[in-house]
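Scroll down for the structure; my scribbles are underneath it.
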Amino acid sequence: TIGEVAQERKYRAFAVGGFVRDLLLQEKNFDIDVVIEGDGMVFAKALAERLKGRVRVHKKFKTAVVKLPDGLKVDVATARLEYYDYPAAMPTVELSSLKLDLYRRDFTINAMAIHLNPDTFGTLVDFFNSQNDLKDHKIRVLHNLSFVEDPTRIFRAIRFEQRMGFTIGQHTERLIKNAVRMNLFDRFFGYRFFGELKGILSEENPLPAIRRMADLHLLPFLHPRLKLEPRLTKNLEESQAALAWYQLLYRDEPCRNWLVYLLALTVNLKRSELQDFCQRFEVPERNRQQLLGEKTAAQQAATVLRRALPDSNSGIYHLLAGLGPEGLLYLLAISRKKAAKKAISLYVTELSQVRPELNGHDLKVLGYQPGPIFRQILDQLLDARLDGQVRNREEELVFVR
Ligand code: CTP
């Protein structure tokens with residue numbers, strides 16, 4: 001359909017970027033990046049109309065996103081044709097504007113295109129020997145200024161390297177080291193960078209990528225005090241074990257892996273330093289609250305656990321009830337005492353699920369007047385249940401009376 005909609009307007013449409021890469025690697029990828037030679041905005045609107053999707057246009061960048069009803073996302077960019085005065089039908093002209101678009105991209109493996117117009121549908125365009133790099137499992141930039149133009153690409157290189165089991169090419173690695181030495185990052189912070197970091201920490205196993213970041217001297221850039229010392233490595237490994245364990249519990253409450261790893265990575269930072277981090281990287285407000293909220297709650301619980309373990313289940317419950325799954329798994333990962341670990345895992349597997357069977361309605365039937373007393377009774381009931389003083393509805397009724 002994309003090709004047809006383009007053809008009707010005498011545009012040419014190409015699938016590009018990660019979509020083509022993953023297609024050749026036979027990996028799933030549900031987002032299509034499309035480059036239009038023609039007016040990408042006009043095309044995006046027409047495509048949305050045809051497929052009953054929604055379109056969001058960024059005029060400034062000449063890009064648009066079309067969201068289709070089945071969840072598929074099409075990113076549309078415009079390749080500039082205006083530099084070329086030749087008749088638009090000439091294939092060499094069309095290719096050269098596409099070439100320019102591809103040349104501006106991050107890595108050779110992301111710089112291939114596939115024709116989508118019906119007459120040439122499926123033809124692969126490979127200007128930069130990308131197929132070879134894909135075959136050799138190499139990540140290479142397209143030109144020497146790539147990291148200067150966009151330092152977030154350094155983190156993308158590491159993410160791709162680890163995710164796909166590729167290696168960064170020698171020359172490309174040298175360019176990364178140069179960029180780090182030049183302190184390119186000093187003038188480059190912000191949200192896009194945080195997005196890439198989140199990407200790395202959301203990968204199946206981010207530990208090798210973190211190690212690679214340390215080897216390339218990138219951690220101090222996150223925060224000057226970040227160093228991958230053995231205790232921190234241990235925390236990250238324990239985080240991974242905790243996440244794997246949590247996954248086996250098949251809980252409905254989802255757990256954001258990146259948050260657990262980021263908490264573990266920044267364990268030695270004070271709250272104020274973490275706040276600085278959030279500011280520098282323009283961490284979105286929601287993520288900022290999650291990060292700082294879980295850190296504070298977990299740190300408080302850790303202090304208590306280090307001193308003395310609660311001597312009852314209800315004590316454990318109240319100590320940990322303020323934490324989300326990420327804070328809990330982080331706490332599990334940084335706790336070294338066996339008894340503390342046991343208490344936390346007991347909370348996660350059992351205590352957090354405990355509820356009294358009686359509810360407000362039952363209390364009303366029992367003759368209580370609705371009000372704050374309800375909360376008090378239900379709280380006492382919960383504690384009694386946690387500590388095994390009551391085990392079922394009948395015993396709860398006796399307890400309340
Ligand atoms: N791109 C780039 N420089 C960046 C980010 C992106 O050149 N800093 C280009 C790449 O060609 C990339 C495309 O934009 O293929 C789309 O970016 P994105 O969706 O972030 O990445 P994908 O390659 O699709 O990878 P992923 O599977 O992780 O989404």
Side-chain angles (χ1 to χ4, degrees), residues 201-202 204-211 214 219 222-223 225-275 277-278 287-354 382-383 386-388:
L201 300 180
S202 303
E204 187 77 18
N205 172 15
L207 267 52
I210 296 173
R211 236 167 260 136
L219 291 184
L222 297 185
H223 193 280
R225 289 212 303 116
L226 267 193
K227 244 202 292 229
L228 198 59
E229 20 110 30
R231 222 165 51 116
L232 196 63
T233 307
K234 171 97 174 140
N235 283 343
L236 290 166
E237 284 165 0
E238 294 275 328
S239 301
Q240 189 170 38
L243 279 163
W245 170 77
Y246 187 77
Q247 209 166 17
L248 289 177
L249 299 177
Y250 293 103
R251 275 295 146 72
D252 288 336
E253 193 168 4
C255 178
R256 286 157 238 148
N257 292 15
W258 67 265
L259 189 49
V260 180
Y261 286 119
L262 190 53
L263 285 165
L265 196 61
T266 54
V267 63
N268 294 325
L269 300 191
K270 293 194 208 86
R271 190 187 154 86
S272 60
E273 292 173 319
L274 202 56
Q275 273 169 331
F277 168 88
C278 290
N287 291 161
R288 203 181 81 96
Q289 278 175 10
Q290 289 162 343
L291 188 61
L292 291 167
E294 295 296 316
K295 164 127 182 152
T296 308
Q299 231 61 43
Q300 277 166 0
T303 310
V304 175
L305 286 173
R306 225 173 289 128
R307 258 189 259 128
L309 235 44
D311 54 8
S312 65
N313 283 351
S314 58
I316 298 175
Y317 184 96
H318 293 296
L319 180 66
L320 302 177
L323 285 156
E326 294 86 0
L328 286 166
L329 295 180
Y330 161 65
L331 187 60
L332 191 60
I334 61 169
S335 298
R336 291 289 178 266
K337 278 199 281 182
K338 234 190 180 146
K341 276 190 187 292
K342 219 167 129 191
I344 300 162
S345 48
L346 178 70
Y347 175 81
V348 175
T349 51
E350 291 176 31
L351 305 184
S352 60
Q353 315 289 308
V354 173
L382 174 64
D383 285 357
L386 286 164
D387 293 334

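Please read these numbers as outputs of a predicted model, since none were measured by experiment.
- Looking at L201 and V260, their side chains never come closer than 4.5 Å, going by heavy atoms from C-beta outward.
- Using modelled atom types, one side-chain atom of R251 and one backbone atom of T349 make a donor-acceptor pair closer than 3.5 Å.
- For the atom pair CG (D383) and OG (S314), the distance works out to 4.5 Å, reported to the nearest 0.5 Å.
- Residues A298 and L331 approach most closely at O-CD1, 3.4 Å, considering heavy atoms.
- Side-chain contact check for F277 versus L262: some heavy-atom pair is nearer than 4.5 Å.
- Rounding to the nearest 0.5 Å places CG of L265 at 10.0 Å from OG1 of T233.
- Taking each heavy atom of P325 and E253 in turn, the nearest pair found is CD-OE2, 3.3 Å.
- Residue pairs meeting the ring-ring contact (aromatic ring centres under 6.0 Å, His included) criterion with at least one partner in residues 308-351, sequence neighbours excluded, are Y317-Y347.
- With a 4.5 Å cut-off on side-chain heavy atoms, Q299 and R271 do not count as touching.
- With K295 contributing its side chain and T266 its backbone, the two residues share a donor-acceptor pair below 3.5 Å.
- Between the side chains of N313 and E350, no donor-acceptor pair of N or O atoms lies under 3.5 Å.
- The line from CG of L243 to CD of Q240 is 8.0 Å long, rounded to the nearest 0.5 Å.
- A donor-acceptor contact shorter than 3.5 Å is absent between the side chain of N257 and the backbone of S202.
- Here Y246 pairs with nothing under the ring-ring contact (aromatic ring centres under 6.0 Å, His included) rule; sequence neighbours left out.
- Under the 4.5 Å side-chain criterion, counting only non-hydrogen atoms from C-beta, R231 is in contact with N268.
- Residue L291 comes nearest to L263 through the heavy atom pair O-CD2, 3.6 Å, listed as atom of the first residue, atom of the second, then distance.
- Rounding to the nearest 0.5 angstrom, the gap separating the CD atom in E326 from the CD atom in Q290 is 6.5 Å.
- For N235 against A264, the heavy-atom pair with the smallest separation is O-CB, 4.3 Å.
- Taking the side chain as every heavy atom from C-beta outward, E238 and I334 never approach each other to under 4.5 Å.
- Atom CD of Q353 has more than 12 neighbouring heavy atoms from other residues, nucleotides or ligands inside a 6.0 Å radius.
- Listed here is the closest heavy atom pair of L323 and A297: CD2-CB, 3.5 Å.
- Looking at L269 and R225, their side chains come closer than 4.5 Å, going by heavy atoms from C-beta outward.
- Between atom CG of residue L328 and atom OG of residue S345 there is a gap of 10.5 Å, rounded to the nearest 0.5 Å.
- At a threshold of 4.0 Å, the pair E294-R256 does not count as salt-bridged, since none of the basic side-chain nitrogens sits closer than that to a carboxylate oxygen.
- Across I316 and P310, no two heavy atoms sit closer than the pair N-CB, 3.6 Å.
- Of the inter-residue distances, the one linking K234 atom NZ with S239 atom OG reads 11.0 Å to the nearest 0.5 angstrom.
- Between L219 and K227, the closest side-chain pair of non-hydrogen atoms is not below 4.5 Å.
- Contact annotation: the side chain of L305 never approaches that of K337 to less than 4.5 Å [non-hydrogen atoms, C-beta and beyond].
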